[in-house]
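For reference, the structure discussed in these notes is given below.
Note: hydrogens, waters and symmetry copies are ignored here, and every other heavy atom, side chains too, is used. Count residues from 1 along the sequence. Whatever order the structure lists them in is the order used to number ligands and atoms, beginning at 1.
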Amino acid sequence: MKANTYHLWTIGCQMNEADAWRAAAMLEGAGYRPVEHARDAEFLLLSTCVVRQQAEDKIISRLKYVEELKRAEPSRTVALMGCFVGFRAGAKDELKARFPFVDLFVPPSATGELASWLAARAGGEETDASSCDGEPPPLPESLAGGRTVRAHLPVVLGCSHACAYCIIPYRRGPERSRPADEVLAEARALAGRGVKEIVLLGQIIDRYGLDLGPGAMRLPELLRRVAEVEGVMRVRFLTSHPNWITDELVDTVADTPALMPYFEIPVQAGSDAVLAAMRRGYTAGRYEELVARIRGRIPGVGISTDLIVGFPGETEEQFGESLDLMRRIDPDMIRVAKYSPRPNTLSARTMPDNVPPEEKERRRVAIESQLRKMLEAKHAPRLGQVEEILVERIEPNGRRYGRTPDGKTVFADGCGAELGEVVRVRNTWTGAFSFIAEPV
Ligand code: SAM
């Protein structure tokens, strides 16, 4: 174990990664430096997700390993943060009883606990936990200075929608929009550290500002302002709920060059009965209309979606409606999840998880193989076309990794562009999930 080192382990969504980076930035501010292997670290930071049982299982198995490390070196500190901890009063005591070797329990998007611990360690005054939220720098020093091209910026914390299946409102608390000046200050801080692409985050980001009262800035204006920040080349935002995408939002994306033509709009199911049981608040028809409206206004826009298969009671026919809807929508990506009952959610409490695991798997595979075929066909005409990519990563073999404005992944060979540069490349191969390209 090396003194003043930390190791970050993170699973789950972009929001978790953003929370984890913020915590890492605080550790680095206190003199810790990152190490590649957990066994070398004095401080172990675990950022967790519980959206599906599978994620929770991964945390438990990681914690077994961490327990061994702690037993070998009891002076290590173990911090568990994120949705596994949650906000509920009493949760920490229950977790402490289960995992006595964990020193710190940090709720999602709330780093006050860690700030207090660091202050106590430094021998300073204990800080008021809540006052620290939002203050730490958004990017650890080890990732700054041009090393990180794309960063996430949470703008709506929590969620109040309460979809029947979703644990997030129980773990991340109610919806809270961050004040616009705080978001803009953070966007400037990210740009100042070399970040070129900022992805604004929220569970239902298109509701940004609604909880701040009448007259508060809404998402279109916030996006325009972030796009104006010096040094920021590209801006994206996710996730959108179909019910809250306004014409103004679509127009803003269409008319602001730095706003990438890309929407993430989970649909979750193609059957109206399943959508109603999920408490999603729209029909498949309305979702289709919305996608048509966006495509009509923004040619070449990328539309990505999420789909759950095997929701309680989902019949073969209803699943067929999901396949059909995906065929009609022809999205640019589908993230398919097999339904997983989560504690306290409406579906787990009131609806039997009655689609057998092998049937859920069959439905997942059916969606994914249809998606692969659809994307291969959709991308084939892009062979030989020129794409504009922002170089986000340089692979060990020199390949440049970047994304097109509509969110397609491109690997460029023989390209000498630096990290953070926007370059034009010509596709020499197109597949379902990525393109290979050469310099123009
Ligand atoms: N807030 C977004 C939304 O409007 O759906 C995304 C939230 S969640 C982090 C990401 C995805 O996980 C969801 O879109 C959904 O497809 C999936 N998901 C959430 N709860 C699930 C569950 N109980 N079982 C399976 N998948 C689930």
**OP:** Compute the shortest N/O to N/O distance between D306 and ligand 1 and return yes if it is under 3.5 Å, no if not.
**Re:**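 D306 vs ligand 1: N/O contact under 3.5 Å present.
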**OP:** May I ask you to check whether H241 has an N/O atom sitting below 3.5 Å from an N/O atom of ligand 1?
**Re:**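 There is no such contact.
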Specify side chain, backbone, both or neither for [X], according to which of its non-hydrogen atoms lie closer than 4.0 Å to ligand 1.
X	result
A337	side chain
I167	neither
R52	side chain

Subject >> Criterion salt bridge (Lys or Arg N to Asp or Glu O under 4.0 Å) against D103, the qualifying member of K96, K70, K92 >> reply: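 That would be K70.
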Suppose we measure from [atom] to each protein heavy atom; which comes out shortest, and what is that distance?
atom	answer
atom 7 (C) of ligand 1	Q203 OE1, 3.4 Å
atom 23 (N) of ligand 1	S340 O, 2.8 Å
atom 20 (N) of ligand 1	Y165 CD1, 3.3 Å
atom 19 (C) of ligand 1	V51 CG2, 3.4 Å

**OP:** For the residue pair T430 and E376, establish whether any side-chain heavy-atom pair is separated by less than 4.5 Å.
**Re:**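 No; the side chains remain at least 4.5 Å from each other.
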**OP:** May I ask you to test the M26-Y32 pair for a side-chain heavy-atom distance under 4.5 Å?
**Re:**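 Answer no - side chains too far apart.
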**OP:** Start with the C-alpha gap between D19 and S109, add the side-chain angles, then the distance that decides, and say whether side chain to side chain donor-acceptor pair (under 3.5 Å) holds.
**Re:** CA-CA 5 Å; D19 286 354; S109 303; 3.0 Å; yes
Could you check whether any heavy atom of [X] sits closer than 4.0 Å to an atom of ligand 1, since that is the contact criterion I want to use?
X	value
Q268	yes
K338	yes
R280	yes
I204	no

Original post:
Who pairs with R207 by salt bridge (charged side-chain N to carboxylate O under 4.0 Å, His left out), at least two apart in sequence or on another chain?
Top reply: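 For R207 the salt bridge (charged side-chain N to carboxylate O under 4.0 Å, His left out) partners, ignoring immediate neighbours, are E175.
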Original post:
Would you find more than 12 non-hydrogen atoms of other residues, nucleotides or ligands less than 6.0 Å from E316 atom CD?
Top reply: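 Yes - once you tally the heavy atoms of other residues, nucleotides and ligands closer than 6.0 Å, there are more than 12.
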[X] heavy atoms, cut-off 4.0 Å: which ligand 1 atoms fall inside?
X	result
R342	23 (N)
I168	7 (C), 8 (S), 9 (C)
Y339	24 (N), 25 (C)

**OP:** Before accepting this row, confirm whether a basic side-chain N of the pair R363/E359 lies closer than 4.0 Å to the acidic partner's carboxylate O.
**Re:**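 Yes, this pair counts.
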Subject >> Pairing of R193 and E141 as salt bridge, 4.0 angstrom limit >> reply: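 E141 and R193: salt-bridged.
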Subject >> Q268 and Y165: side chain donor to acceptor below 3.5 Å >> reply: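 Judged by distance alone, the side chains do pair up.
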Subject >> Donor-acceptor pair between S142 and R147 side chains, under 3.5 angstrom >> reply: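 The criterion, which ignores hydrogens and geometry beyond distance, is not satisfied for R147 and S142.
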